[in-house]
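Data first, discussion second: the structure below is written as structure tokens.
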Amino acid sequence: QVPLVESGGGLVQPGGSLRLSCVASEGVFTLNRMGWYRQAPNQKRELVAYLTSNGDTMYADSVKGRFTISEDSGKNSVSLRMNNLIMNNLKQEDTGVYYCHAGWFNFKGEQQYDYWGQGTQVTVSS
């Protein structure tokens with residue numbers, strides 16, 4: 001079973017918008033951080049954005065002001081379970097495979113365990 005299931009990729013023109021969603025599957029351990037990485041052809045995978053169960057968010061400089069990450073795990077959830085990445089004013093350089101990533105990080109920010117989704121393609125082209 002895939003631990004994280006992504007949806008929402010596709011083809012969009014420059015300046016357009018897309019929303020990516022990621023849902024943790026049943027059986028995934030408690031999560032306190034969820035986010036997105038992307039990988040362009042022949043490039044390394046890079047961090048795009050993440051949020052924590054404390055409500056903190058982090059964005060790569062290249063997407064600040066254009067992308068917004070939010071969570072929708074349910075009022076009584078003790079774990080992050082779902083997040084959305086709203087991508088506005090998309091540029092050709094945003095093209096790539098977007099991977100959902102989630103895990104548990106200790107108070108020092110050290111990863112204790114993590115999960116990956118299978119990836120969803122985002123193509124920005126006219």
Side-chain angles (χ1 to χ4, degrees):
Q1 186 181 18
V2 179
L4 301 174
V5 179
E6 304 120 332
S7 61
L11 172 65
V12 65
Q13 292 186 338
S17 299
L18 280 176
R19 185 179 82 168
L20 304 182
S21 295
C22 174
V23 179
S25 300
E26 195 171 332
V28 167
F29 291 155
T30 305
L31 306 169
N32 64 0
R33 184 184 293 186
M34 289 189 87
W36 294 86
Y37 283 73
R38 69 185 179 191
Q39 188 166 19
N42 302 314
Q43 299 292 320
K44 290 183 179 178
R45 194 173 294 190
E46 63 174 356
L47 178 63
V48 176
Y50 69 76
L51 56 83
T52 73
S53 55
N54 292 331
D56 297 325
T57 56
M58 172 275 173
Y59 296 93
D61 287 343
S62 59
V63 307
K64 278 180 185 174
R66 300 187 298 121
F67 290 12
T68 303
I69 189 168
S70 63
E71 67 102 0
D72 186 14
S73 302
K75 268 188 182 178
N76 299 317
S77 177
V78 296
S79 171
L80 295 176
R81 281 290 176 234
M82 177 179 177
N83 82 83
N84 298 302
L85 183 69
I86 307 295
M87 305 185 292
N88 294 321
N89 190 21
L90 282 160
K91 305 176 180 180
Q92 287 188 327
E93 50 263 41
D94 294 318
T95 294
V97 179
Y98 284 67
Y99 297 90
C100 183
H101 177 254
W104 179 269
F105 292 72
N106 65 16
F107 70 97
K108 295 180 183 177
E110 297 166 340
Q111 181 175 286
Q112 303 303 293
Y113 54 81
D114 71 333
Y115 304 91
W116 288 92
Q118 291 186 316
T120 184
Q121 177 69 44
V122 171
T123 303
V124 185
S125 175
S126 54

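- Within the 4.5 Å cutoff, no side-chain heavy atoms of Met87 are placed close to those of Val63.
- A donor-acceptor contact closer than 3.5 angstrom is absent between the side chains of Thr52 and Asn32.
- In terms of hydrophobic clustering, with Ile, Leu, Val, Met, Phe, Trp and Tyr side chains grouped at heavy-atom distances under 4.5 Å, Met34 and Val23 are assigned to different clusters.
- A donor-acceptor pair under 3.5 Å links the side-chain atoms of Asn106 to the main chain of Lys108, judged by distance alone.
- Two residues are said to be in side-chain contact when any heavy atoms from C-beta on lie closer than 4.5 Å; Gln118 and Val5 fail this criterion.
- Ion pairing between a basic and an acidic side chain is recognised when a charged N comes within 4.0 Å of a carboxylate O; Lys64 and Asp61 show such pairing.
- Annotation for Ser21 and Asn84: closest pair OG-OD1, 2.7 Å, computed over non-hydrogen atoms.
- Side-chain atoms of Ser125 and Leu11, non-hydrogen and from C-beta on, do get closer than 4.5 Å to each other.
- Glu6 contributes a side-chain N or O that, together with a main-chain N or O of Gly119, makes up a donor-acceptor pair within less than 3.5 Å.
- Linking ILVMFWY residues whenever their side-chain heavy atoms come closer than 4.5 Å, directly or via other members, places Phe67 and Trp36 in the same cluster.
- The environment of CD in Glu26 is sparse: at most 12 heavy-atom neighbours from other residues, nucleotides or ligands sit within 6.0 Å.
- Ring pair Tyr37/His101 is perpendicular by interplanar angle, where above 60° counts as perpendicular and below 30° as parallel.
- Thr95 approaches Gln121 most closely through the heavy-atom pair CG2-NE2, 4.1 Å.
- In this structure, the side chains of Val97 and Arg45 stay at 4.5 Å or more apart for every pair of heavy atoms.
- Salt bridge present: Arg38 and Asp94 bring a charged side-chain N and a carboxylate O closer than 4.0 Å.
- Ring pair Trp104/Tyr113 is parallel by interplanar angle, where below 30° counts as parallel and above 60° as perpendicular.
- Under the 4.5 Å side-chain heavy-atom criterion for grouping Ile, Leu, Val, Met, Phe, Trp and Tyr, Met82 is not connected to Leu18 through any hydrophobic cluster.
- Using a distance-only test at 3.5 Å, with no hydrogens or angles considered, no donor-acceptor pair links the side chain of Glu46 to the main chain of Lys44.
- Two different hydrophobic clusters hold Met58 and Leu85 under the rule that ILVMFWY side chains link at heavy-atom gaps under 4.5 Å.
- Tracing side-chain contacts under 4.5 Å through hydrophobic residues (I, L, V, M, F, W, Y), one never reaches Tyr115 starting from Tyr99; they form parts of separate clusters.
- Residues Trp116 and Val2 fail the side-chain proximity criterion, which asks for heavy atoms closer than 4.5 Å.
- A 4.5 Å side-chain heavy-atom check between Cys100 and Asn83 finds at least one atom pair inside the cut-off.
- For Tyr59 (side chain) and Ile69 (main-chain N/O), a donor-acceptor pair under 3.5 Å exists by modelled atom type.
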